[in-house]
Amino acid sequence: MRLRYVDADARTLDTPLLAVGVTEAADPASGLLADLDGALGGAVLRALEAGDMKGKAGDETLLYGAGGGPARVVLLGLGKAAKVDTEKVRRMAGRAVRTAERLRLESVAIALDPIDGVAREAVAQAAAEGAGLAAWRFTELKAEDEDDPTVTVRTADLVGSADPDGYSQGALIGAAIARGENLARTLQSRPGNVATPTHLADEAVRMAGSVGLDATIFDEERMRDEGMLALLSVSRGSEEEARFIILEHRGGAEGDAPLVLVGKGLTFDAGGISLKPAAGMEEMKYDMSGGAAVIGAMQAIAELGLKINVVGLVPSSENLPDGRATKPGDVIGSLAGKTIEVINTDAEGRLILADALTWGSRLNPAAMVDCATLTGSVVIALGHHAAAVLGNDDDLIAELRAAGEASGERCWQLPLWDEYRKQLDSPTADLQNVGGRPGGSITAAAFLKEFVGEAKWAHLDIAGTAWGDGKLPYQRKGALGFPTRLLVEWVRSRAG
Ligand code: BES
Ligand code: MN
Ligand code: ZN
């Protein structure tokens with residue numbers, strides 16, 4: 001989608017559809033509402049007086065222009081003025097795009113000035129995110145259907161004049177973040193026979209070339225040379241080779257400690273020898289969502305030219321059963337040198353992450369954050385509205401929680417007390433890969449913690465948030481791109 005900020009008077013804008021947010025206490029006698037009311041021959045006031053548009057979240061009224069300005073105006077309720085925040089703006093922009101889709105219009109304009117109470121730059125950023133995310137569709141594997149009534153909205157103009165500098169800056173930021181998250185969603189949506197580890201690596205290299213990141217890809221031979229035995233143990237049952245993807249953004253001073261982002265890139269999780277049940281197994285193509293989010297976030301970080309060093313790491317493999325596959329009871333090695341008893345081959349995410357986290361910790365990062373569709377139990381703990389965040393540094397966790405609120409991709413802390421580590425004691429190896437049912441998301445994080453060395457580190461369990469119904473106006477069913485926005489917001493907060 002083409003997203004741009006336009007410094008203009010929304011009243012006279014030549015657009016097929018102008019979306020205007022209306023709060024519950026909005027005064028129809030002032031500002032843009034009054035101006036539009038004049039331009040539309042009193043239609044705004046009549047809609048408000050009729051009680052059709054009360055400004056409640058979800059209220060929606062479509063009006064028609066009289067020529068010389070917007071052909072249509074859609075009033076979108078924002079709820080109570082005091083409760084308007086960036087997430088409300090993101091959703092409103094998503095609704096604007098959905099309205100255009102329904103009317104089969106390829107472009108839409110969104111008025112920024114009526115939304116006050118939130119910083120102007122943040123309004124433009126959230127509007128750009130909401131519109132850019134809403135317009136995304138995954139159509140590449142379907143024949144074009146002439147009868148399909150769905151149109152793709154191709155242009156969103158963000159219009160206003162209250163703060164041109166803030167608006168144009170915010171629009172650029174939001175557009176880059178939406179592009180990054182949409183890349184993640186596209187990669188997530190591709191099935192396991194398309195999005196193999198090699199494919200993810202190829203896409204990462206291509207993306208890196210287009211935005212000026214450095215990309216390095218390890219094949220299995222290189223992994224063996226380095227000693228990435230835990231990652232290789234997961235890949236043993238696959239015909240498809242594993243890949244280890246390294247993306248580097250050098251936006252800071254040379255030698256400055258980087259931030260490290262790690263994402264689980266498990267392109268299909270059948271469970272291995274500890275085979276999963278058939279029902280719903282097709283969804284396990286989204287087990288690479290963490291890796292997709294890291295690739296998408298790295299694209300946005302590069303496009304925004306953030307003045308900070310960032311390294312993205314994506315260990316990528318399949319997890320399939322086979323005569324050569326790792327078996328329950330096998331003891332494997334790891335890059336860190338620790339031995340691991342594999343009790344359940346379906347707890348594979350922590351194995352591929354272990355080597356990636358060890359690699360990341362050897363870069364002496366300022367901080368390291370991983371994201372992974374790691375456990376079913378996080379869905380039991382938090383449902384689909386927040387990721388779990390756990391780690392060894394409370395300040396880092398607080399930063400991630402704040403980035404979650406700012407981005408609308410929220411996370412909530414679970415404890416990682418030493419007591420949980422005992423559940424991973426193994427009679428035969430340094431530790432085992434599962435800790436039983438109690439606190440499943442916590443013991444998974446306790447496992448990861450063994451491999452982060454001295455790094456300040458936090459882990460996001462995104463099994464409940466990366467994929468879903470897509471009920472929000474800027475989402476669609478399936479790939480949600482979570483936590484691309486959270487990661488970029490966190491890096492932005494560090495870049496100052
Ligand atoms: N990829 C799964 C976790 C998952 C579950 C992601 C549901 C998305 C939705 C992970 O590899 C896994 O299988 N975890 C096991 C761990 C168990 C064997 C300790 C789980 O959660 O059941
Ligand atoms: Mn698994
Ligand atoms: Zn998995």
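All ligand and atom numbering here is 1-based and tracks the order in the structure. When a residue number appears, it is its place in the shown sequence, counting from 1.
Around atom 4 (C) of ligand 1, the closest heavy atom drawn from Thr373, Leu351, Val234 belongs to Thr373.
Per residue Asp269, closest N, O or S atom to the Mn ion (ligand 2): atom name OD2. Here the N, O or S atom of Glu348 that is nearest to the Mn ion (ligand 2) is OE1.
Annotation for ligand 1: atoms under 4.0 Å from non-hydrogen atoms of Met284 are 1 (N), 6 (C), 7 (C), 8 (C), 9 (C). Distances below 4.0 Å separate heavy atoms of Lys276 from the following atoms of ligand 1: 12 (C), 13 (O). For ligand 1, the atoms closer than 4.0 angstrom to any heavy atom of Leu374 are 3 (C), 10 (C), 12 (C), 14 (N).
Counting only heavy atoms from C-beta outward, the side chains of Thr345 and Pro328 approach each other to under 4.5 Å. For the pair Met368 and Ser361, the minimum side-chain heavy-atom distance is below 4.5 Å. Glu409 is listed as a side-chain neighbour of Glu181, based on a closest heavy-atom distance under 4.5 Å. In this structure the side chain of Leu231 reaches within 4.5 angstrom of the side chain of Ser317, judged on heavy atoms. Arg179 places none of its side-chain heavy atoms less than 4.5 Å from the side chain of Leu3. Residues Ile173 and Arg492 are in side-chain contact: their nearest non-hydrogen atoms beyond the backbone lie under 4.5 Å apart. You'll find the side chain of His459 reaches within 4.5 Å of the side chain of Leu374, heavy atoms only. The closest side-chain heavy-atom distance from Glu241 to Ser235 is not below 4.5 Å.
Looking only at heavy atoms of the protein, atom 21 (O) of ligand 1 is closest to Gly376 N, 2.7 Å. Distance from atom 16 (C) of ligand 1 to its nearest protein heavy atom, with residue and atom name: Arg350 NH2, 3.8 Å. Ranking protein heavy atoms by distance to atom 2 (C) of ligand 1, first place goes to Asp269 OD2, 3.5 Å.
Remark: ligand 1 and Ser377 share no N or O pair separated by less than 3.5 Å (distance only, no angle test). When only interatomic distances are considered, the shortest N/O to N/O separation between Glu348 and ligand 1 falls below 3.5 Å. Looking at Val434 next to ligand 1, no N or O pair under 3.5 Å apart turns up. Where the criterion is an N or O separation shorter than 3.5 Å, residue side chain and backbone included, Asn344 fails it with respect to ligand 1. The shortest N or O to N or O distance between Tyr286 and ligand 1 is not under 3.5 Å. Looking at ligand 1, you'll find an N or O of Lys264 within less than 3.5 Å of one of its N or O atoms.
Using the six-membered ring where Trp is involved, Tyr420 and Trp417 have ring planes that are parallel, under 30° apart on the 30 and 60° scheme. Using a 30° and 60° split on the angle between ring planes, Trp467 and Tyr286 fall in the parallel class, below 30°.
Computed with the Zn ion (ligand 3) at the centre, the Glu348 OE2 to Asp287 OD2 angle is 100°, stated to 10 degrees.
One of the N, O or S atoms belonging to Asp346 lies under 2.8 Å away from the Mn ion (ligand 2). Taking backbone and side-chain atoms together, Leu266 has no N/O/S atom less than 2.8 Å away from the Zn ion (ligand 3). Using a cut-off of 2.8 Å, one finds that Asp269 contributes an N/O/S atom close to the Zn ion (ligand 3).
Thr186 and Trp136 form a side-chain donor-acceptor contact under 3.5 Å, judged by distance and modelled atom types alone.
Counting heavy atoms closer than 4.0 Å to ligand 1, residue Asp346 contributes atoms from both its backbone and its side chain. Counting heavy atoms under 4.0 Å from ligand 1, residue Glu283 does not touch it at all.
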Practice problem: Show your working on side chain to side chain contact (heavy atoms under 4.5 Å, CB included) between Leu396 and Val369 and close with a plain yes or no. | Solution: CA-CA 9 Å; Leu396 174 59; Val369 174; 4.2 Å; yes
Exercise. Let me see the working for Gln423 and Thr443 under side-chain hydrogen bond (donor to acceptor under 3.5 Å, both in side chains), right down to the final yes or no.
Key: CA-CA 7 Å; Gln423 288 172 239; Thr443 53; 4.9 Å; no
